[in-house]
Protein chains: 4
Amino acid sequence: MVTKIERNKKEKENSLYTAAYDLFTTKGINETAISDIVKKAGVAKGTFYLYFKDKYDILDKIILNKSSHVLSEAIKETNEKSFEVFEDKLTYFIDYIIEYLKSDRLLLKLIYKNLSWGVFRRAYKDYKEIQEIYTMFEKGYEGSDVTREHMEKILFMVLELTGSVCYSSIIYNEPESIDEMKPILFETILKII
Amino acid sequence: MVTKIERNKKEKENSLYTAAYDLFTTKGINETAISDIVKKAGVAKGTFYLYFKDKYDILDKIILNKSSHVLSEAIKETNEKSFEVFEDKLTYFIDYIIEYLKSDRLLLKLIYKNLSWGVFRRAYKDYKEIQEIYTMFEKGYEGSDVTREHMEKILFMVLELTGSVCYSSIIYNEPESIDEMKPILFETILKII
Amino acid sequence: MVTKIERNKKEKENSLYTAAYDLFTTKGINETAISDIVKKAGVAKGTFYLYFKDKYDILDKIILNKSSHVLSEAIKETNEKSFEVFEDKLTYFIDYIIEYLKSDRLLLKLIYKNLSWGVFRRAYKDYKEIQEIYTMFEKGYEGSDVTREHMEKILFMVLELTGSVCYSSIIYNEPESIDEMKPILFETILKII
Amino acid sequence: MVTKIERNKKEKENSLYTAAYDLFTTKGINETAISDIVKKAGVAKGTFYLYFKDKYDILDKIILNKSSHVLSEAIKETNEKSFEVFEDKLTYFIDYIIEYLKSDRLLLKLIYKNLSWGVFRRAYKDYKEIQEIYTMFEKGYEGSDVTREHMEKILFMVLELTGSVCYSSIIYNEPESIDEMKPILFETILKII
DNA sequence: GATGAATGAGGCTTCATTCAT
DNA sequence: AATGAATGAAGCCTCATTCAT
């Protein structure tokens, strides 16, 4: 049974998460003070320390949450469609991520290259959907003589490249806008796999 | 003629650069205060403000310097050798960068995602050698029907991928050590170009 | 009859005493927070305030307890032996205190300047054994023309001197170790009485 | 040459000492915040940290200063008089200390049993007058077969006893007022030496 | 009686920046 | 040009105490 107190606690924690996320993305991490977060969340300063060790504790947790969420959504959406070939499926998956990040530049700026292997690995155990990214890849290489280790490295490079390109093109339009980069990115990814 | 005073000024500026670089790489950027920098540089606090606007001013300049230096060294070394095919030349160039960063993890950590197109572009005008990276690529694509714009994007992706893989594998050994990642990275790059 | 509830209460109070004592002696008084005490005692924060007003309330009670205990043990042990002359008896009594404090430096540090007349007086009514210290002295001066007031002052000085010497020599080895100070301390006390 | 800046610095440091001393003696150490000290001293908060590490740094320095000052004054005054016998000289010396502490109960409370061997030793090298306390004692024992070590322990006990009695009787009137304790204290000291 | 989440005042300390010398 | 003492805003974090459950 979830008591009133427990519900209340969860609410406080969530309001801290939301407030911190908003401030981190709009003002920046260095420019956000804990006093800003608690003011926005509508709780007392001490309350922050009941739930988080310090600013970087809540930041890490937010990044893990958000990053996993993106990937998790992407694979869920992908699995709901049906594709004839692996290449199409992967393209759809990557495209979903790109569009997600395109629509939320602040999120992209925050999680930046944290959409990386580290997060990926850490999220693996907690998010069933993340495991399905592996499964998707495995199925794609079924029948070939590519080892699992090799496959994992390819997946790693695909995600790293995607992250890098997104960051540079979405945030800075460098070397071009993401829409202009997309075709060549997909082309490249298909060459890689 | 360079007067004694001018030499003195340059010396002070350089000692500030050196001190800041050492502290940024060993203690971290956030953890380095201007008072730390001036103490290490052996100059007065006020002197710092004669040369730099604030901590991020000196940081930006350091990153630009160091990043350009890496690329500049890499292309210089590459041009001193002679290669039969473009693929070998590019591999040598990338390998030089990797080895450089491998031998200086602190530098890698600092310039990290800054070894990017932004820096690359900014450094273009000031460093003759950087322009030669373009030249190398142009020669590589001579005769093909690849446009300059397309070529530039490929170069961009090659460098982004290299940077990402270096960071993850050198700093965190994720997904594997850089030496184990190298073969597949080269293989991938050759697929891309 | 002692009900289960009453036993439970006493247990809680005792665990608070024990926890507080451990923390005061190991971490220091200023460095010990009430939250530390309750955590160690395994009770809730609010519970502390059911038994004690604040940190200094429990501290005072601990000091009174522990100090009285030392004196009480000392006189009990002394009375169990038989001595021909008062001087031997007093020496044994003082020596017992010294050895006790020697074996528990943390206790000494805590009660230090509190092993004083104030505590002594306050403990008088509650501890039958403390009254026996007086009795011992009274018997020692039986037959002489020393007034009770005078005798009390001498006892006071003997205990103050003992406390001071113990603190300085046991904690800091100043001016010498307690074992090297003992002969001269006894010699001095015998001169005083 | 003492520049204006140096004079200014010394003034600031002194005003911090004075303010801290006043607050420590009137409000108590635990109840005095650094913000109180700087407010009273009329300097900025940061200035405090230019001169002292923290509250306990300035406290230690104050205690050493004040304690040494008491002893130093006492021996100076004593040496200005002429006494026929050592006993009279020592009595005068101790009496001076007592009267000093009697007239400044707040100081006594602060330096408390810090008027002890530790401080005494530390002050030895810096205060010429402190060395003269030794000299006074040495002259007193001239001709006897008491070793220097033995003599030092006696001096130690005399000072410890004096300090303890002063504290208890001046601050708490326990077991009697200092004026009523004085005769028996002197009597006791003369027995000890 | 017991709990422990929540509070928010208040302490400590750092540090970018200024400015008289 | 160079200095470094002084500033005080601003951040971090602790902790005694309360009170609804």
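A, B, ... follow the sequence lines: proteins, then strands. Residue 1 opens every chain. Side-chain atoms are counted along with the backbone in the values below, which use heavy atoms only and exclude waters and symmetry mates.
- Across D/Lys55, D/Lys45, D/Lys27, a single residue satisfies salt bridge (charged side-chain N to carboxylate O under 4.0 Å, His left out) together with D/Asp36, and that is D/Lys27.
- Aromatic pair D/Tyr17/D/Tyr21: ring centres not closer than 6.0 Å.
- Of the candidate nucleotides F/dC13, E/dA2, F/dT7, E/dA2 has the atom nearest to the side chain of C/Tyr51.
- Contacts with DNA chain F (heavy atom under 4.0 Å) in residues 32-41 of chain A: A/Ala33, A/Ile34, listed by number.
- When the side-chain nitrogen and oxygen atoms of C/Thr47 are compared with OP1 and OP2 of E/dT3, one or more of them lie within a distance under 4.0 Å.
- Rounding to whole angstrom units, CZ of residue B/Phe52 and C1' of E/dT18 are separated by 19 Å.
- Protein atom CG of B/Leu23 is 12 Å distant from nucleotide atom P of E/dC15, rounded to whole Å.
- With contacts defined as side-chain heavy-atom distances shorter than 4.5 Å, the pair C/Ile62/C/Leu110 qualifies.
- E/dT18 atom C1' lies 15 Å from atom CG of B/Asp54, rounded to whole Å.
- For the pair A/Asp57 and A/Lys61, the salt-bridge criterion is met [side-chain N within less than 4.0 Å of a carboxylate O].
- When the P atom of E/dG11 is taken as reference, atom CD1 of D/Ile29 falls 16 Å away, rounded to whole Å.
- The nearest whole Å value for the distance from the CG atom in B/Leu59 to the P atom in E/dA16 is 13 Å.
- Between C/Glu13 and C/Lys10 there is a salt bridge, since a side-chain N of the basic residue sits under 4.0 Å from a carboxylate O of the acidic one.
- Where D/Ile5 and B/Lys45 meet DNA chain E, the nucleotide closest to each residue was compared, and B/Lys45 sits on the side nearer the 5' end.
- Taking only side-chain atoms of B/Tyr49, from C-beta outward, the nucleotide of F/dT3, F/dA5, E/dT17 with the closest atom is E/dT17.
- With F/dA6, F/dT17, E/dT14 as the candidates, the nucleotide lying closest to the side chain of D/Lys12 is F/dA6.
- Each of D/Glu31 and A/Gly46 lies near DNA chain E, and the nucleotide nearest A/Gly46 is the one positioned closer to the 5' end.
- You'll find that the side chain of A/Lys55 is closest to F/dC12, out of F/dT17, F/dA5, F/dC12.
- With values rounded to the nearest 0.5 angstrom, D/Ile29 atom CD1 is found 11.5 Å from D/Leu23 atom CG.
- In this structure, the side chains of D/Lys40 and D/Asp22 come closer than 4.5 Å at one or more pairs of heavy atoms.
- Taking each heavy atom of C/Ile171 and C/Arg105 in turn, the nearest pair found is O-NH2, 3.2 Å.
- Looking at heavy atoms from C-beta onward, D/Leu59 lies in side-chain contact with D/Phe24 at the 4.5 angstrom threshold.
- If you take CZ of A/Arg7 and P of E/dA5, they are 16 Å apart, rounded to a whole angstrom.
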Please, what dot-bracket string fits DNA chain F when only Watson-Crick and G-U pairs with both distances under 3.5 Å count, crossing ones use [ ] and pairs to another strand use |? .||||||||||||||||||||

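- Rounding to whole angstrom units, OH of residue A/Tyr56 and C1' of F/dG11 are separated by 11 Å.
- Side-chain proximity of D/Leu50 to F/dG8, F/dT7, F/dG4: nearest is F/dT7.
- The side-chain heavy atoms of A/Thr47 and A/Val38, taken from C-beta on, include no pair separated by under 4.5 Å.
- F/dT3 atom P lies 17 Å from atom CD of D/Glu6, rounded to whole Å.
- Here F/dT7 is the nucleotide among E/dC12, F/dT7, E/dT18 with the atom lying nearest to any side-chain atom of D/Ala44.
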